[in-house]
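The residues of the chain are indexed from 1 along the displayed sequence. Since we're looking at a predicted model, the values are computed, not measured.
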Amino acid sequence: MIRKNQKISLDKFINFCLYDKKVGYYMTKNPFGKMGDFTTAPNISRLFSEMIAIWTVSFWKSLGSPKKFNLIELGGGNGEMMKVMIESFQKFPSFFKSCNIFIIEKSPKLIKIQKKNINFKNIKWKKKITNFKKFPSIFLANEFFDALPIKQFEKFKNHWYERFVTSSNENKLIFIRKKIDLRKLEKKINTKISSNQNFIEFSPLTSKYLENI
């Protein structure tokens, strides 16, 4: 993946590890549940998803109960949260009739798992937050932003460095530092993140998602 003497930023390396079509973590396996690597709240108790469903209905009412609106989940996991939410929504017919449900998911493997688990035809899957009808929209994100790639910056002897990944002479992956002008990043994001800091983690992709939302 990384050729000798090639250097890639940490966020690009993480993105490759998660979403490469051939070897990406989320693209090639189901990481959830007893047979996976971790579990999340919807898979521990349906009460979690039921509470989110009731909050969603309540928020819809606070918007004036629009006759049409978009409900958009970012990263559907194994589909358990949306499955239970839909079961809860069916107890609120006027809400359910008004709801256009979407799941934003990049992984074809996870989409298959979500479709099988949810078993509800009136859901649309998208890979990006684009081309939604101009209805009011409610976004849900359970541990979605936690998993997005990050950049790392470290202050060393009054200079800022960004963490990169490269290949050593022994063909092992190692971290290296590359000197940067952090002021350019602060100007770009319009936030002075370096004030009183020595170490910073920043996710450009998170900012991009929030801007699109």
Side-chain angles (χ1 to χ4, degrees), residues 15 18-19 24-150 203 205-213:
N15 191 71
L18 295 181
Y19 295 112
Y25 181 73
Y26 287 119
M27 305 295 271
T28 59
K29 65 181 295 185
N30 177 8
F32 306 102
K34 292 181 179 179
M35 303 303 293
D37 296 320
F38 59 88
T39 190
T40 59
N43 295 286
I44 296 173
S45 170
R46 65 180 289 120
L47 181 61
F48 178 86
S49 303
E50 289 173 343
M51 289 191 297
I52 301 297
I54 297 303
W55 174 88
T56 305
V57 175
S58 175
F59 193 79
W60 169 74
K61 289 183 178 180
S62 76
L63 296 176
S65 303
K67 292 183 178 180
K68 287 294 180 182
F69 77 101
N70 302 317
L71 179 63
I72 304 162
E73 182 180 11
L74 304 180
N78 63 1
E80 184 65 23
M81 186 171 88
M82 186 56 72
K83 172 189 173 183
V84 175
M85 290 183 70
I86 288 172
E87 291 171 0
S88 302
F89 292 156
Q90 290 172 346
K91 298 177 183 179
F92 303 88
S94 59
F95 168 91
F96 200 35
K97 185 179 179 180
S98 302
C99 186
N100 298 317
I101 302 176
F102 298 88
I103 294 179
I104 306 297
E105 181 60 67
K106 292 175 67 174
S107 169
K109 184 174 182 67
L110 290 182
I111 289 175
K112 289 181 181 179
I113 293 171
Q114 292 161 13
K115 287 183 176 181
K116 183 178 180 180
N117 194 15
I118 299 171
N119 193 26
F120 179 70
K121 293 181 179 180
N122 295 331
I123 297 181
K124 294 181 180 179
W125 274 263
K126 289 176 172 282
K127 291 186 177 181
K128 297 180 180 179
I129 306 177
T130 55
N131 299 324
F132 289 103
K133 290 185 178 180
K134 293 184 178 180
F135 300 135
S137 296
I138 299 174
F139 288 85
L140 305 173
N142 177 47
E143 299 191 26
F144 173 79
F145 290 102
D146 309 46
L148 294 182
I150 58 167
S203 173
L205 193 55
T206 294
S207 296
K208 187 175 181 180
Y209 270 110
L210 293 174
E211 286 172 6
N212 287 339
I213 291 171

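Atom NZ of K126 is surrounded by more than 12 heavy atoms from other residues, nucleotides or ligands within 6.0 Å. In the displayed structure, K29 atom NZ is contacted under 6.0 Å by more than 12 heavy atoms of other residues, nucleotides or ligands.
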Give the intermediate values and the outcome of side-chain contact (heavy atoms from CB on, under 4.5 Å) for residues I104 and F144. CA-CA 10 Å; I104 306 297; F144 173 79; 5.7 Å; no
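Distance check, rounded to the nearest 0.5 Å: CD1 of I72 to CD1 of I101 gives 11.5 Å. K83 NZ to R46 CZ: the interatomic distance, rounded to the nearest 0.5 Å, is 7.5 Å. Considering CD1 of I103 and NZ of K127, their distance stands at 15.0 Å, rounded to 0.5 Å. Taking CD1 of I52 as the reference point, atom CD of E73 lies at 10.0 Å (rounded to 0.5 Å). With rounding to the nearest 0.5 angstrom, the CG atom of L110 is 9.0 Å from the CE atom of M27. The structure places CD1 of I129 at 11.5 Å from CD of E211, a figure rounded to the nearest 0.5 Å.
Across all their heavy atoms, L63 and P136 have their closest contact at CD1-CB, 4.4 Å. Across L148 and S203, no two heavy atoms sit closer than the pair CB-OG, 4.0 Å. In terms of heavy atoms, Y25 sits closest to P31 at OH-CB, 3.1 Å. When all heavy atoms are compared, the tightest approach of L205 to P149 is CD2-CD, 3.9 Å. Between A147 and L18, the shortest heavy-atom distance links the atoms O-CD1, 3.3 Å. Between G76 and E105, the shortest heavy-atom distance links the atoms N-OE1, 3.3 Å.
At a threshold of 4.5 Å between non-hydrogen side-chain atoms, the residues V84 and F48 do not count as touching. M82 places none of its side-chain heavy atoms less than 4.5 Å from the side chain of Q114. A 4.5 Å side-chain heavy-atom check between N100 and F132 finds every atom pair outside the cut-off. Put simply, the side chain of E80 does not reach to within 4.5 Å of the side chain of F32, judged on heavy atoms. The closest side-chain heavy-atom distance from I138 to T56 is below 4.5 Å. Between L140 and L71 the shortest side-chain heavy-atom distance falls below 4.5 Å. Counting heavy atoms from C-beta outward, S137 and F69 have side chains that stay 4.5 Å or more apart.
For S45 (side chain) and A41 (main-chain N/O), no donor-acceptor pair under 3.5 Å exists by modelled atom type. S107 contributes a side-chain N or O that, together with a main-chain N or O of Y26, makes up a donor-acceptor pair within less than 3.5 Å. Without hydrogens or angle criteria, N70 side chain to K133 main chain gives a donor-acceptor distance under 3.5 Å.
By the 30° and 60° cut-offs, the orientation of the rings of F95 relative to F89 is tilted.
K61 forms no cation-pi arrangement with F92, by the criterion of a distance under 6.0 Å to the ring centre and an angle within 45° of the ring axis.
For N43, the side-chain hydrogen bond (donor to acceptor under 3.5 Å, both in side chains) partners two or more places apart in sequence, or in a different chain, are T40, N78. For F59, the ring pair (Phe, Tyr, Trp, His ring centres under 6.0 Å) criterion is met by W55, not counting sequence neighbours.
In this structure, F102 has its ring center at least 6.0 angstrom away from the ring center of F135.
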